[in-house]
Amino acid sequence: MYKLMIVEDEPLIRAGLKHYFAWQELGVETILEAENGKQGFHIALGERPDIVITDIRMPEMDGLQMIEELRSELPDTVFIILTGYNDFAYAQKAIRLGSVHAFLLKPLEYDESLSILTECLDTLKQRKAARVQLNLLETQARETIKLKRSQLVKLLLEESVPGEVPLSSYGLDGASYTYLPFVVTWFTQQPLSYLARGRLRNQAEKLASELIRCCYDDADRIQVLTYFDHAKMYALAFLEESTSPSLTGAGISGPDVSRASGLFRQAGTDQATFYAALGRHSSDPAAAGSSLRQAEKALYLRFFQPERQLLEAGRLASLPADSDSDPLVRLSGPDKAELERGLETGGAEPIRELLARLAREKLLDTPGAAYGSLLGFLQDIVSVTLRFAHKHDIPVEGVYSDKLLKLSCVDDFRTLEGLLDWMSGWMLHLSSVYQESSQTNGPGNGIIFKQIETYIRQHLDQDVTLQMVADQFFYNPSYLSRLFKLKLNKNYMTFVSEIRISHAMDCLQKPEYLVTEVCHLCGYKSYKHFVKTFKKITRLTPTDYRKQIGL
């Protein structure tokens with residue numbers, strides 16, 4: 001639908017034009033009025049009409065002057081002159097100059113005028129279609145270059161850029177650049193929706209841009225390339241060498257630290273907390289990739305310096321520039337024996353206290369301990385625990401998630417305390433499997449299904465996926481799926497549905513709840529799906545069930 005503006009100083013002519021044509025049938029939904037060119041100019045800037053029909057001779061500002069003023073602001077608007085015989089030559093000249101599309105001659109002749117208007121509307125449709133196509137092409141071009149730039153950061157991160165990097169193919173036309181690497185990560189309290197994750201990514205990009213402003217004066221001339229991997233954003237700021245850094249060191253110092261702290265407070269939300277690591281700047285792309293990897297390692301300094309959200313690689317009291325200089329931290333024989341005794345006897349508090357003590361002695365009280373030390377410490381804990389599992393014929397798949405295998409679990413926690421609490425939960429789970437298998441002369445699984453049921457009941461308002469349960473209880477998802485079939489003769493989704501419907505039956509026994517309220521209490525988004533599932537399991541609709549129990 002289109003918007004029309006009539007600019008005419010004669011009220012009767014304006015009223016006549018409004019009712020002379022069947023504007024609704026022509027696709028015109030809104031008609032605006034102005035009594036002179038000056039008023040028309042201001043209305044057009046605010047309302048942005050698709051078609052403007054204007055007289056030429058008017059007080060304060062004539063029609064052609066108004067058109068000239070509006071042409072650059074409204075490039076897609078079609079302008080039509082309403083003219084008499086006295087101004088006919090004037091109107092033809094305006095058309096030849098290209099600022100006016102057509103003219104309507106007073107007094108109007110209906111068929112001829114309608115034909116002109118129809119032609120103008122066709123022109124308007126073509127312009128709008130061309131504009132949509134151009135916007136689409138521009139969007140695709142931006143997305144393509146953004147994707148290519150993201151791939152460049154990924155290639156540098158993975159050390160897979162062959163030879164010299166052809167920066168021009170990534171839309172970077174400067175002769176030489178300085179590269180400033182950032183890595184930003186964030187932590188959430190619970191799983192988020194797709195849209196919420198997108199908002200956090202946008203927030204991470206904004207945080208990186210603002211941090212760059214802390215380092216450089218002319219930040220508007222800096223291009224930032226980003227690559228996302230789960231809850232991490234790898235960023236390279238490309239600075240043309242003519243851009244003068246306000247700091248010549250490796251990163252932020254002095255009063256800028258205070259400014260950076262404020263940025264983290266602004267970026268943080270109720271849902272997420274952000275951390276960032278800054279690497280050394282470099283003029284060599286390959287060195288920039290190495291610095292980006294060092295910045296990623298620097299993120300783990302949060303375990304040793306929990307009060308800091310901005311971390312820096314390669315500085316004093318930070319990560320060693322070379323991993324060989326990282327002190328080797330390993331568990332001793334007595335440490336490993338104590339871990340095994342903790343697995344045999346079980347008990348949440350003893351295991352947590354043991355891990356906390358070992359971490360304090362081996363990591364927190366060790367000067368220079370950092371990324372390599374942390375991984376070595378965690379790997380020893382994993383190795384001792386798995387050897388215990390093999391020794392007692394406990395199926396490894398049932399006590400070993402991929403996050404433990406790759407030690408990627410370190411990315412999921414803000415603090416070392418949180419990470420160790422999760423690790424102790426894994427060890428406690430394995431210990432409970434050992435205890436049950438010892439009592440039944442073979443590996444048992446009865447306890448775990450009760451634990452999973454309790455977990456699902458505590459999170460009925462969420463979409464609790466098999467992956468979420470596997471992560472919570474340290475299972476391989478495929479193994480856990482087979483376990484449901486083998487031990488319960490049902491799949492995971494049926495197990496969840498039965499728990500939800502069991503809770504629904506309990507709620508339906510309370511007359512203060514409406515059936516629709518029960519639907520949402522059990523985690524169903526669709527009422528139709530809730531009724532269908534309830535009937536499939538109970539052979540009754542929720543309403544019939546209430547009737548059966550006398551409500």
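All heavy atoms count here, side chains included; hydrogens, waters and symmetry mates do not.
- A donor and an acceptor atom, one from each side chain of Y300 and D411, are located under 3.5 Å apart.
- Taking the six-membered ring for Trp and thresholds of 30 and 60 degrees, W186 and F274 have ring planes inclined between 30 and 60 degrees apart.
- F484 pairs with exactly one of Y479, Y475, F495 by the ring pair (Phe, Tyr, Trp, His ring centres under 6.0 Å) rule, that one being F495.
- The aromatic rings of F388 and Y434 stand perpendicular to each other, their planes meeting at an angle above 60°, with 30° marking the opposite boundary.
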Q: Give the intermediate values and the outcome of side-chain hydrogen bond (donor to acceptor under 3.5 Å, both in side chains) for residues R457 and S502.
A: CA-CA 10 Å; R457 286 186 179 275; S502 172; 3.3 Å; yes
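- A donor-acceptor pair is defined here as one N or O able to donate and one able to accept, closer than 3.5 Å; no such pair exists between the side chain of H281 and the backbone of Y179.
- Of all heavy-atom pairs spanning D229 and Y234, the tightest one is CB-CE1, 4.1 Å.
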Q.
salt bridge (charged side-chain N to carboxylate O under 4.0 Å, His left out) for E143 and K146? Distances and angles first, verdict last.
A. CA-CA 5 Å; E143 289 177 350; K146 186 174 182 179; over 6 Å; no
**Q.** Check against side-chain hydrogen bond (donor to acceptor under 3.5 Å, both in side chains), D380 and S383
**A.** CA-CA 5 Å; D380 268 8; S383 297; 5.1 Å; no
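- A salt bridge does not link E344 to R341: none of the charged side-chain nitrogens sits closer than 4.0 Å to a carboxylate oxygen.
- The two residues Q462 and R500 come nearest to each other via the heavy atoms O-NH2, 3.0 Å.
- The shortest heavy-atom contact between D335 and S332 is OD2-OG, 2.8 Å.
- Across every non-hydrogen atom of A295 and L278, the tightest pair is CB-C, 4.2 Å.
- Ring geometry, Y524 versus F530: the interplanar angle falls from 30° to 60°, so the pair is classed tilted.
- Between W426 and F474, the two ring planes are tilted [angle within 30° to 60°].
- Panel note: side chain E517, backbone L514; a donor-acceptor pair is recorded below 3.5 Å.
- Within the 3.5 Å criterion, the main-chain N or O of L157 finds a donor-acceptor partner in the side chain of R293.
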